[in-house]
Every structure is written in C-alpha cells, then in structure tokens.
Amino acid sequence: MAGDSASRALVLGGGGIAGVAWEIGLLAGLASHGVHARRADLVVGTSAGSVTGALLRGGRDLAELYAEQLAPVPDGEPAVEFDVLTLMTAIGAALAGTAGEQDARARVGEFALAADTVPEADRRSAIASRIGDPPWPAQRLVVTAVDTADGAFVAFDADAGVSVLDAVTASCAVPGLWPPITLGGRRYMDGGMRSATNADLASGFDRVLVVAPVDGSAVNALGPGFAAELDGLRRTGEVHVVVADDASRAAFGTNPLDPRTREPSARAGRAQADAVAAQVRAFWS
C-alpha cells in the first residue's frame, strides 16, 4: 500500500537507442497514471537501461524527456549500421570451446578489443550528448559493465571511483561496434554481455519492477538466464516484469541503434504504459 516500508528496485534492460526511447515512453506513461518508478530505492541499468537510469536519477521531468524522444532526428546524427544476427554469429564464434560464463565473457572481450571502432573520446562525447556529465545521485544507481580482459562482471555505483558518464559509456560499449572504455587502466564493455537485464542485482528487495525492451535468453552462456534471474528474485520478494509488446518490437525494427527508431519506440512505450498501468500500480504502489 502507499506509504508502506517495502523496499523497491527498478531494473532497466538493454535495447539500443530504441530501447532508451521505449523505456522513457513507458516510464513517462506510467507517471501520467500516478505510477512513479523513479521513487525506487535502487535503479539497476544495463546498456540502454544505464542511459535511462542516469536520466531518471538525474531528476529530469519524464514528460520533458519523452518530448525529446519525439523530436526530429538532428541533421548529422549518424545512422549506425547494426545487424543483430551478424553480431550474434560473431559472438557465437568467439564462445567456441569456452569453459564457463566468465571465460566466455573474456572471449567476447577479445573480440571487442580487436574490433576497429571509433575513438573512445568520440563515444564518450556521444553519451555525454544524451546524459550530460552528472554527479552520482543521492538515490542509489548501479550501472553494469564487463571487464574485457578477464570477463569479470562489474557493477559501478557511487563508491566505484568512476563518473556516471564513464560508467554509462562503458555499459553501452557494444562489442564490435563501439570501443571498450578505459577506466582505471582496465577496459570495459557492454553490461549486456552478461545479461540483458542483470536483474539479479536487485536480489533482497521486497518489490522489483523489471522493464525490459529485450528479456534475454532462457539459457545464456555468458551469465544467468532471464528465468533464473527472476526465480532468484522471487525467493526474497515480489517481481513484476514489463517486456516490450509486439507493437513495441515492431517499432524497434531490425536496427535498434538507428536514431529513426527513437520516435516510434517512445510512442509505443507510452501506449504500452496505458495498457499495463493498472497492473503496475497494484504492484508498485
């Protein structure tokens, strides 16, 4: 009930530019129905979810963020060539003969380090254009990444000694497409290389709302499968999952990194919020 002492966590999954737009549309729509996910005690962000999480924790008005997603794509914003099947094929080849999840992630790290991409500074500037360079918020934000050298999973927060901007840039470093990001002499890649959501980081919270453009695989050679994450969360609390519906996935298209997906994906998220608001309110409030 409203005003109770239940602890709450919000998990925001990966999904590219389209995923950011969809998450903002969904959260803005929920807020318009009186469901305020930003009041979570913990926000966990992976890849696209780290961008949304940083914006949410930064205190920006959700209606304003939503309006920005609807704006025309600026002249000169690059349309990134990205094919999910090609990436998955390359990662699959890198995983051949691996021994365990961390070793598998290290192999993907080798692939990420070998790729010819833009300079790190350029990528950092691109992320800064979306989230600025904010301080760590007072309310807890966790941003996920993976060490390319040994495949270790990292959860950056205010005590990690890195900036929000650097953590988010690392979390969004898709292997083969964007450069791994150097922090403290280590190079980090996309947190989605462990899990699309890393929802298990919210273990121990009474209520966990998982918002996922992509819900991830049931079986995952790189980390826990989505079903296993949810099972673990349910041992200590209640879980509610909102995954992109058919209309939203259609809005994402075949290239979720194309800026032209931003507006239709945001609208799809906003429309989905209307459909799920009552259920989410009953769970969250």
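Counting from 1, the numbers follow the sequence of the chain as shown.
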Donor-acceptor pair between Asn198 and Thr46 side chains, under 3.5 angstrom: yes
Salt bridge present between Glu263 and Arg267 (N-O < 4.0 angstrom): yes
Backbone N/O of Arg281 and side chain of Ser285: donor-acceptor pair under 3.5 Å: yes
Heavy-atom side-chain proximity of Leu177 to Thr117 below 4.5 angstrom: no
Evaluation steps, side chain to side chain contact (heavy atoms under 4.5 Å, CB included), between Ile127 and Leu165: CA-CA 7 Å; Ile127 298 297; Leu165 175 57; 3.7 Å; yes
Arg57 side chain vs Arg140 backbone, donor-acceptor pair below 3.5 Å: yes
Gap between atom CG of Leu233 and atom OG of Ser203 - 0.5 Å precision: 6.0 Å
Of Leu26, Val211, Leu209, the residue whose pairing with Val280 passes side chain to side chain contact (heavy atoms under 4.5 Å, CB included): Leu209
Taking every non-hydrogen atom, the tightest pair across Val108 and Pro175: CG1-CG, 3.9 Å
Sidechain N-carboxylate O distance under 4.0 Å for Asp200, Arg194: yes
Donor + acceptor pair across side chains of Gln272, Trp22 (<3.5 Å): yes
Heavy-atom side-chain contact between Ile17 and Arg260 under 4.5 Å: no
Donor-acceptor pair, side chain of Ser32 and main chain of Gly29, under 3.5 angstrom: yes
Transitive ILVMFWY side-chain link Val142 to Val154, under 4.5 Å: no
Donor on one side chain, acceptor on other, Thr169 and Asp166, under 3.5 Å: no
Evaluation steps, side chain to side chain contact (heavy atoms under 4.5 Å, CB included), between Glu77 and Arg262: CA-CA 12 Å; Glu77 184 168 351; Arg262 190 180 290 131; 2.7 Å; yes
Shared hydrophobic cluster for Val241 and Phe283 (ILVMFWY, side-chain gaps under 4.5 Å): no
Check ion pair Glu120-Arg187 (N to O, under 4.0 angstrom): yes
Heavy-atom check, side chain of Ser50 versus side chain of Cys172, under 4.5 Å: yes
Any donor-acceptor N or O pair under 3.5 Å, side chains Ser7, Asp41: no
Backbone of Ala9 reached by a side-chain donor or acceptor of Arg207 within 3.5 Å: no
Lys/Arg-Asp/Glu bridge criterion (N-O < 4.0 Å) met for Arg60, Glu68: yes
Expected output: side-chain Thr261 to main-chain Asp258 donor-acceptor under 3.5 Å: yes
Reported CG-to-CG distance for the pair Leu55 and Leu27, which is rounded to 0.5 angstrom: 10.5 Å
Pairing of Arg270 and Asp274 as salt bridge, 4.0 angstrom limit: yes
Side chain to side chain contact (heavy atoms under 4.5 Å, CB included) between Ser248 and Asp245, intermediate numbers included: CA-CA 5 Å; Ser248 298; Asp245 59 16; 2.8 Å; yes
Pairwise distance OG(Ser195) to CZ(Phe153) - rounded to 0.5 angstrom: 7.5 Å
Between CG on residue Leu257 and CG on residue Asn255, distance to nearest 0.5 Å: 5.5 Å
Close side-chain approach of Val143 to Val164, heavy-atom, < 4.5 Å: no
Separation of Leu141 CG from Trp136 CH2 (nearest 0.5 Å): 5.0 Å
ILVMFWY network linking Val43 to Ile24, side-chain heavy atoms under 4.5 angstrom: yes
Asp150 side chain near Asp147 side chain, heavy-atom distance below 4.5 Å: yes
Asp133 and Arg124, any side-chain heavy atoms less than 4.5 Å apart: yes
Connected via hydrophobic side-chain network under 4.5 Å: Leu113 and Val118: no
Any Leu30 side-chain heavy atom under 4.5 Å of Trp284 side chain: no
Any donor-acceptor N or O pair under 3.5 Å, side chains Glu110, Thr148: no
Side-chain heavy-atom pair Leu56, Leu62 within 4.5 angstrom cut-off: yes
Atom pair NE2 (His240) and CG (Leu230), whose distance is rounded to the nearest 0.5 Å: 11.5 Å
Hydrophobic cluster membership, Val276 vs Val11, 4.5 Å side-chain cutoff: no
